[in-house]
Amino acid sequence: MTDVDTPPLLAMRGIDKHFPGVRALSGVDFTARPGEIHALMGENGAGKSTLIKVLTGVHPLDGGSMTLEGRAFLPRSTREAEERGISTVYQEVNLIPHLSVAENICLGRERTRWGLIRHRSGRQRAEAALQRLGMNLDVTRELTSYSIAVQQIIAIARALDIRARLLILDEPTSSLDERESAELFSVLRRLKQEDMGIVFITHFLDQVYDVSDRITILRDGRLVGEYETASLPRLELVARMIGKQPGAAEPAAPADPPVESSRDVPVLQAEALGRTGSIAPMNLTLRKGETTGLAGLLGSGRTETARLLFGIDQPTHGRILMDGRPVRIRSPRHAIARGIALAPEDRKHTGIASAMSVRDNIILALQGR
């Protein structure tokens, strides 16, 4: 870990940001140092995303100052922030799926000769950026031929190609399993040894303590404090994030009354429901007034179960019952007609028709009723 006296790579001082009726940031300080992984923590709405958007030129600041490598820094766009060496990798990989790995890494910065793109030069640059991360990939393959975890690393390689000095990672592990997260952290430690500054935003406390050197906590748009990770106990971190000691919350609400006999018939049941090559036979029971959680790592079958219940995929064995009667849900239209709704995992691409209005999206969802 770098020493606290090391000159900062980035210094944000007294940052203010207002939106109509909302003070999103109030006098926030933040410091990123070279060769350090700095976790930015806070509950939803604490101001983390707004701070990053101010830093990367998405939002103009309303007060305060920023310096980057000792020089005044006030980006007017994300492109200007990139040109100064700041790159952001978001939770949702922000690359172009049907271009090759090399084309994504060099996009917007292609070298040309006589007006034509020099593809060989692009492939060499992409390979060099990936090798710096310990990755040997076929850069001529489409981006979508690789897993989400590898796509995250390709996005980091793009940041290296623009000679980033400060890398911002916004919830990079939300779609990764434990092994994939470990591979990503190995890449981050490699970059840290090269004196890159890294800002790591996450809700996973275990990962914060596994990989970060320092923690800055925000709450309600204000700075709570900056701490060395090793000296801040986990319970104290949670207490500072929520503003009270864990377990010292309001008195517990009265227990729900016992389930009455009229609710004994499940609203929905899955009996030995499964699909060959997708999910092994499983049972599920949902009663009126209940919330049933499906938990598991990436690839465990959560999404596949939802697809079976909503009629996107058809089971090869087992059955579904509603109100105690066997039903066959042959399509999402049939599921909607029976009162089943699905909010899919990838809401942006499969949950809405983004080119249509809110009104038309709602009407579209009601077509099966």
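Nothing here was measured: the structure is a model prediction, and the numbers come from that model. When reading the values below, keep in mind they use all heavy atoms of this one structure, side chains included, and skip hydrogens, waters and symmetry mates.
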Start with the C-alpha distance between Ile86 and Arg165, add both sets of side-chain angles, then the distance that settles side chain to side chain contact (heavy atoms under 4.5 Å, CB included), and finish with yes or no.
CA-CA 6 Å; Ile86 296 179; Arg165 294 284 293 116; over 6 Å; no
Please report the C-alpha distance between Glu226 and Arg33 in whole Å, then the side-chain angles of each, then the deciding distance to 0.1 Å, and finally whether the salt bridge (Lys or Arg N to Asp or Glu O under 4.0 Å) criterion is met.
CA-CA 13 Å; Glu226 178 185 299; Arg33 298 175 178 83; 3.4 Å; yes
Check against side chain to side chain contact (heavy atoms under 4.5 Å, CB included), Met41 and Leu205
CA-CA 9 Å; Met41 302 292 291; Leu205 298 189; 3.6 Å; yes
Pair Thr140, Ser100 - check side-chain hydrogen bond (donor to acceptor under 3.5 Å, both in side chains), show working.
CA-CA 5 Å; Thr140 65; Ser100 71; over 6 Å; no
Start with the C-alpha distance between Arg189 and Asp210, add both sets of side-chain angles, then the distance that settles salt bridge (Lys or Arg N to Asp or Glu O under 4.0 Å), and finish with yes or no.
CA-CA 11 Å; Arg189 293 186 183 101; Asp210 185 31; 3.4 Å; yes
Does the pair Asp360 and Ile362 meet the rule for a side chain to side chain contact (heavy atoms under 4.5 Å, CB included), with working shown?
CA-CA 5 Å; Asp360 289 344; Ile362 293 173; over 6 Å; no
Determine whether Leu9 and Thr31 satisfy the following criterion, side chain to side chain contact (heavy atoms under 4.5 Å, CB included), listing intermediate values before the conclusion.
CA-CA 8 Å; Leu9 175 62; Thr31 303; over 6 Å; no
Between Thr56 and Thr88, is the side-chain hydrogen bond (donor to acceptor under 3.5 Å, both in side chains) condition met? List the steps.
CA-CA 8 Å; Thr56 54; Thr88 306; 4.9 Å; no
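There is no path of hydrophobic side-chain contacts, each under 4.5 Å, that joins Phe204 to Ile242. Cluster annotation: Val267 is not connected to Phe310 through the hydrophobic network of ILVMFWY side chains, with a link wherever side-chain heavy atoms come within less than 4.5 Å. No single ILVMFWY cluster, assembled from side-chain heavy atoms under 4.5 Å apart, contains both Leu55 and Val58. Both Ile279 and Leu284 belong to a common hydrophobic cluster when Ile, Leu, Val, Met, Phe, Trp and Tyr are linked at side-chain heavy-atom distances under 4.5 angstrom. Residue Ile217 is grouped with residue Val238 when hydrophobic side chains (ILVMFWY) are merged at heavy-atom distances under 4.5 angstrom, including chains of intermediate members.
Remark: Arg338 does not engage Asp323 in a salt bridge, criterion side-chain N to carboxylate O under 4.0 Å. Salt bridge absent: Glu127 and Arg123 never bring a charged side-chain N and a carboxylate O closer than 4.0 Å.
Side-chain contact between Arg275 and Leu308 is present, with at least one heavy-atom pair separated by less than 4.5 Å. Side chains of Leu61 and Met66 form a contact here, defined as non-hydrogen atoms less than 4.5 Å apart. Annotation: side chain of Lys192 is not in contact with side chain of Glu36 (no heavy-atom distance under 4.5 Å). The side-chain heavy atoms of Val224 and Met241, taken from C-beta on, include no pair separated by under 4.5 Å. The side-chain heavy atoms of Thr292 and Thr285, taken from C-beta on, include no pair separated by under 4.5 Å. When side chains are defined from C-beta on, Gln152 counts as touching Val89, because their heavy atoms get closer than 4.5 Å. Residues Pro172 and Leu184 have side chains in contact (heavy-atom distance under 4.5 Å, counting atoms from C-beta outward). With a 4.5 Å cut-off on side-chain heavy atoms, Leu51 and Val28 count as touching.
In this structure, Pro8 and Pro34 approach most closely via the heavy-atom pair C-CD, 4.5 Å. Heavy atoms only, all atoms of each residue included: Cys106 and Gly122 are closest at SG-O, 3.5 Å. Across all non-hydrogen atoms, the minimal contact from Ala39 to Val208 is CB-CG1, 4.0 Å. When every heavy atom of Leu99 is checked against every heavy atom of Asn104, the shortest pair comes out as O-ND2, 3.4 Å. In plain terms, the two heavy atoms of Pro281 and Ala272 that are nearest each other are CB-O, 3.8 Å. Taking every heavy atom of both residues into account, Pro60 and Lys17 meet most closely at O-NZ, 2.8 Å.
Geometrically, Arg84 does not engage Phe73 in a cation-pi contact, judged by NZ or CZ lying under 6.0 Å from the ring centre and within 45° of the ring axis.
Expressed to the nearest 0.5 Å, how far CD1 of Ile156 lies from CD1 of Ile198 amounts to 7.5 Å. Distance check, rounded to the nearest 0.5 Å: CG of Leu273 to OG1 of Thr305 gives 7.5 Å. A distance of 11.5 Å separates NE2 in His18 from OG1 in Thr50, rounded to the nearest 0.5 Å. Atom CZ of Arg125 and atom CZ of Arg120 lie 15.0 Å apart (nearest 0.5 Å). How far CZ of Arg13 is from CD1 of Ile15: 9.0 Å, rounded to the nearest 0.5 Å. Between atom OG of residue Ser65 and atom CG of residue Asp29 there is a gap of 8.5 Å, rounded to the nearest 0.5 Å.
Checking Glu236, Arg214, Arg240 one by one against Tyr227, the side-chain hydrogen bond (donor to acceptor under 3.5 Å, both in side chains) holds for a single residue, Arg240.
Other residues, nucleotides and ligands place no more than 12 heavy atoms under 6.0 Å from the CZ atom of Arg222. Within a 6.0 Å radius of CG in Asp16, more than 12 heavy atoms belonging to other residues, nucleotides or ligands are found.
Between the Thr67 side chain and the Gly70 main chain, no donor and acceptor come within less than 3.5 Å of each other. With hydrogens and angles ignored, the 3.5 Å screen pairs no side-chain donor or acceptor of Glu271 with any backbone N or O of Ile320. A distance-only check finds a donor-acceptor pair linking the side chain of Asp213 to the backbone of Ile37 [under 3.5 Å].
Checked against ring pair (Phe, Tyr, Trp, His ring centres under 6.0 Å), Phe30 has the following partners two or more places apart in sequence or in another chain: His38.
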